[in-house]
Amino acid sequence: MSGDGSPGPVDGSDEMLAGLTDAVPSAEADRSVGDDVIRVPAPDLARLAQAARAAGFEMCADITVVDYLRVRRVRFEVVVNLLSLQHNRRLRILVPVTEDDPEVPSLVPVYPGANFLEREAYDMFGIRFTGHPDLTRILMPDDWMGHPLRRDFDVGAVPVQFKASPRVS
Amino acid sequence: MARLTAPPQFLTTTLGKAMRWSQQQSMWPATFGLACCAIEMMATGTAHNDLARFGMEVFRASPRQADLMVVAGRVSQKMAPVLRQVYDQMADPKWVISMGACASTGGMFNNYALVQGVDQIVPVDVYVPGCPPGPQSLMHGILTLQDKVMSGELAR
Amino acid sequence: MAEPTSTTDIWVSGTEAPEVSEWMVAGTDEGAQEMERHETTERSVEQRGSRVVDDWVVDDTIDDDERMIVNMGPQHPSTHGVLRLNIELEGEIVRRVKPIIGYLHTGMEKTAETLTFLQGGTNVTRMDYLAPLHNELCYSLAVERLLGVEIPPRAQAIRILMTELNRVSSHLVATATNGMDIGALSMMMYGFRERELILEFFEKTTGLRMNHNYIRPGGLAADLPDGWEEDVAEILVRIPRAIQDYEDLLKENPIWMGRTQGIGIITADECLAYGVTGPTLRAAGVPWDLRKAQPYSGIEAYDFEVVTGSRGDVYDRYRVRIGEIHQSLRIVEQVADAMPRGDYKTGDRKVSPPPRQRIDESMEALIHHFKIYTEGFKVPAGETYAAIEAPRGELGCYLVSDGSGAPLRMHTRAPSFSNLQALPIMMADSLVADTVACIASLDPVMGDVDR
């Protein structure tokens, strides 16, 4: 994460990542544009997060979802960005989630700060976080239908007079 | 003779004109800041630009005490009912300025989340263009509104 | 005159007013997002802010009749935009707090998917409208990481110059509104007065006072204007003098200290657990600043300190912000002294258009220019996360490209969004009069929260 486009800080050895993949055997470590990435199946997410918390990742910086509709076979991917202040490094956990069963264990018991982030992911993508204390909509009105950031949800644009924007469906 | 040269103690006008004049000269805006434009509205009200010169620096926190609603910023679907309720709570006569591109037309955010133009919910008297409009633009909008009130076009 | 409407029984002026339909009245109720009188244990733990440190002091035996849920916002003068809070009061004491957000949800992440990478800057700059340049920088860094382009030193230096000036202007507004909310109205006037100085420089450089779209993937939109040295020099003289005025006004003011010291305390552990970053985290005593820890755009070349507090209260947050203004001005001074010469955008022709002169000479260059601004450039497939230290904390941009000209997904890690979760911790068990002090010291920008 240093400079414009150069790879992020690496601790030298990747003992920490190896420790995490040992603790959760289904997880596999990877690199993506200079960042550390761990892919893990949905049921093991909470266990991996616990191990990461114990390994020194104190903060859950971000949780979001990517909708790979018509790009990948498994439609959604939950993205968890962890941050370790003491080791000064980041870790990204990628969790593939199917469209039929969009369920992921909640991280609120491990990282309380995941509360709003998971509510946003639920509101925007309809991913259910099991064990979340208060899984309600957060950005949209309570009676809103659908999950706006899914790629099959219309942008909802009204036609404008001066320009027919080709990308707006 | 001395009596005739003394300054007159009265002046004549029409009731309507006197009413319009008083409406125009003490228009109190409600603080209805939503987004970026709200910061420019605050900048208009504070020292450097000094909205007090036009008799409208008294931003009222309560809609019950306000005559003018400056819709400063983008209005989301979730905010729309609130905006309407605040408008309904304002006492007559009341005016609305739609400040900025987002409030007027939805601006660059032509999507599911925004009301595409606040005039779908409340009647708008003056539209101020810009993204965000600078303090000068907002002042021009306000002065335009005052002119229109005085000329009777928007008198209520 | 119109008939009184049946639903509200209030006179609606003129016939041009649309009728009050049912959704307008019913729609102001947010159902499950609001605080309930009797919550489940899990939900009430969040609302009391006692998940990390259980500092709940009063027993639960108090009768329901003595508790009252008060609604604050979304239209309220001291909630910094359209934040809405449900507060449960017991007399004068705040017991539970629940922030309700989304009143400024603009669908920017959806809009970003319809814009090309070059157009994306216009979108993200409107998120945190007090720090637009930081948003642009963060987004540009993410795009550049995927592209793998090198940014010339002058562009990097100008980026640092502009973002640090932006940090000063943002902290000025934070201090000004913090003052106004507690009753120091002169602070409001002063803060906005000095901010104009910086905004005028921004207007001269970028063409706009806010929402600049100045920092773009591949470099900048334009070079600094002629005579920028004098403008920056004037800022460097006048702002510290003005800050001294604020210090005289507030630093040892007994009313100010009484209203801010020991108010809205949040500990370092709670900050880390809830993802709270920025001045709030530093005021709690954690010297965490991404400019030092994970430097970007060559900021490691400049000399500055990370300002920290110790008690994590409103007063310490105010002190940290004032300290950061001084440090940012230090950086600005160093950048201005050692401004490198050279180009203000990358020479990579895939990303940046040919120079103006070439367009006059060559048809290919004209076509190239046209294509970059209409179709945009293609970004290699991949996903990345770039983060910078915005005035409110860690601002991150998670970007996924599928190899086309527009992002597959653009997500912003908004600092205010995570920081807002700290409100119940700060406010629970304190007096209702301290509510506004807590909100103001957190400095949330609702455009950043709701996006």
Side-chain angles (χ1 to χ4, degrees), chain B residues 30-40 42-50 59-63 73-95 102 107-114 119-124 130-135 156, chain C residues 1 5 8 10-14 16-18 20 23-30 73-78 80-82 84 102-108 110-111 114-115 122-123 126 129-130 132 173 176-177 188-197 199 203 208-211 445-447 450:
Chain B
T31 51
F32 202 80
L34 295 168
C36 335
C37 295
I39 307 293
E40 287 298 63
M42 280 152 80
T44 316
T46 45
H48 190 84
N49 295 293
D50 197 8
F59 277 94
R60 301 316 295 187
S62 161
R74 38 195 194 241
V75 182
S76 70
Q77 304 281 0
K78 202 172 180 178
M79 195 66 195
V82 182
L83 183 131
R84 178 67 205 193
Q85 204 170 48
V86 171
Y87 177 79
D88 285 340
Q89 283 170 353
M90 284 164 60
D92 268 343
K94 54 191 170 189
W95 293 269
C102 295
M108 62 171 288
F109 302 109
N110 194 354
N111 63 21
Y112 65 95
L114 284 200
D119 47 9
Q120 293 180 14
I121 330 170
V122 292
V124 176
C131 188
R156 305 246 155 86
Chain C
M1 276 299 205
T5 51
T8 52
I10 293 169
W11 288 89
V12 179
S13 74
E16 76 275 30
V20 181
W23 68 269
M24 290 171 179
V25 179
T28 52
D29 168 35
E30 293 305 337
Q75 201 271 322
H76 190 280
S78 63
H80 291 232
V82 285
R84 179 178 173 195
Y103 290 96
L104 198 56
H105 179 59
T106 317
M108 285 177 178
K110 189 84 174 177
T111 298
T114 70
L115 301 173
T122 44
N123 184 34
R126 283 159 176 80
Y129 37 80
L130 283 175
V173 173
T177 47
M188 174 83 179
M189 295 289 171
Y190 290 159
F192 270 88
R193 188 186 64 192
E194 262 65 66
R195 180 171 173 269
E196 288 293 320
L197 196 65
L199 287 204
E203 192 172 11
L208 268 170
R209 288 159 56 86
M210 299 160 74
N211 303 348
V445 170
M446 293 317 283
D450 298 339

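Chain A is the first sequence line, chain B the second, and so forth, proteins listed ahead of strands; every chain is numbered from 1. Values below: every heavy atom of this structure, side chains too, minus hydrogens, waters and symmetry copies.
For B:Ala38, no part lies near chain C; criterion is any non-hydrogen pair under 4.5 Å. Contacts of C:Asn123 with chain B are made by both backbone and side-chain atoms, with heavy-atom separations under 4.5 Å. For B:Cys131, the parts sitting under 4.5 Å from any heavy atom of chain C are the backbone and the side chain alike.
Using a 4.5 Å heavy-atom cutoff, the side chains of B:Met42 and C:Thr177 are in contact. Taking 4.5 Å as the limit, every side-chain heavy atom of C:Arg195 sits out of range of all side-chain heavy atoms of B:His48. Residues C:Asn211 and B:Met108 have side chains not in contact (no heavy-atom distance under 4.5 Å, counting atoms from C-beta outward). At a threshold of 4.5 Å between non-hydrogen side-chain atoms, the residues B:Thr46 and C:Glu196 do not count as touching.
Heavy-atom pairs under 4.5 Å with chain B were tallied for C:Arg193, C:Lys110, C:Arg209; the largest tally goes to C:Arg209. Put simply, of B:Ala61, B:Ala47, B:Gly33, B:Ala35, the one with the most heavy-atom pairs under 4.5 Å next to chain C is B:Ala35.
Here the shortest heavy-atom pairing between B:Pro132 and C:Met210 reads CG-SD, 3.7 Å. Across all non-hydrogen atoms, the minimal contact from C:Gly107 to B:Ala113 is N-CB, 3.7 Å. Closest of all the heavy-atom pairs between B:Val82 and C:Tyr103 is CG2-CE2, 4.1 Å.
Put simply, the side chain of B:Ser76 never gets that close to the backbone of C:Thr106: no donor and acceptor are under 3.5 Å apart.
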Hey, mind stepping through B:Phe109 and C:His105 against ring-ring contact (aromatic ring centres under 6.0 Å, His included) and telling me if it holds?
CA-CA 11 Å; B:Phe109 302 109; C:His105 179 59; over 10 Å; no

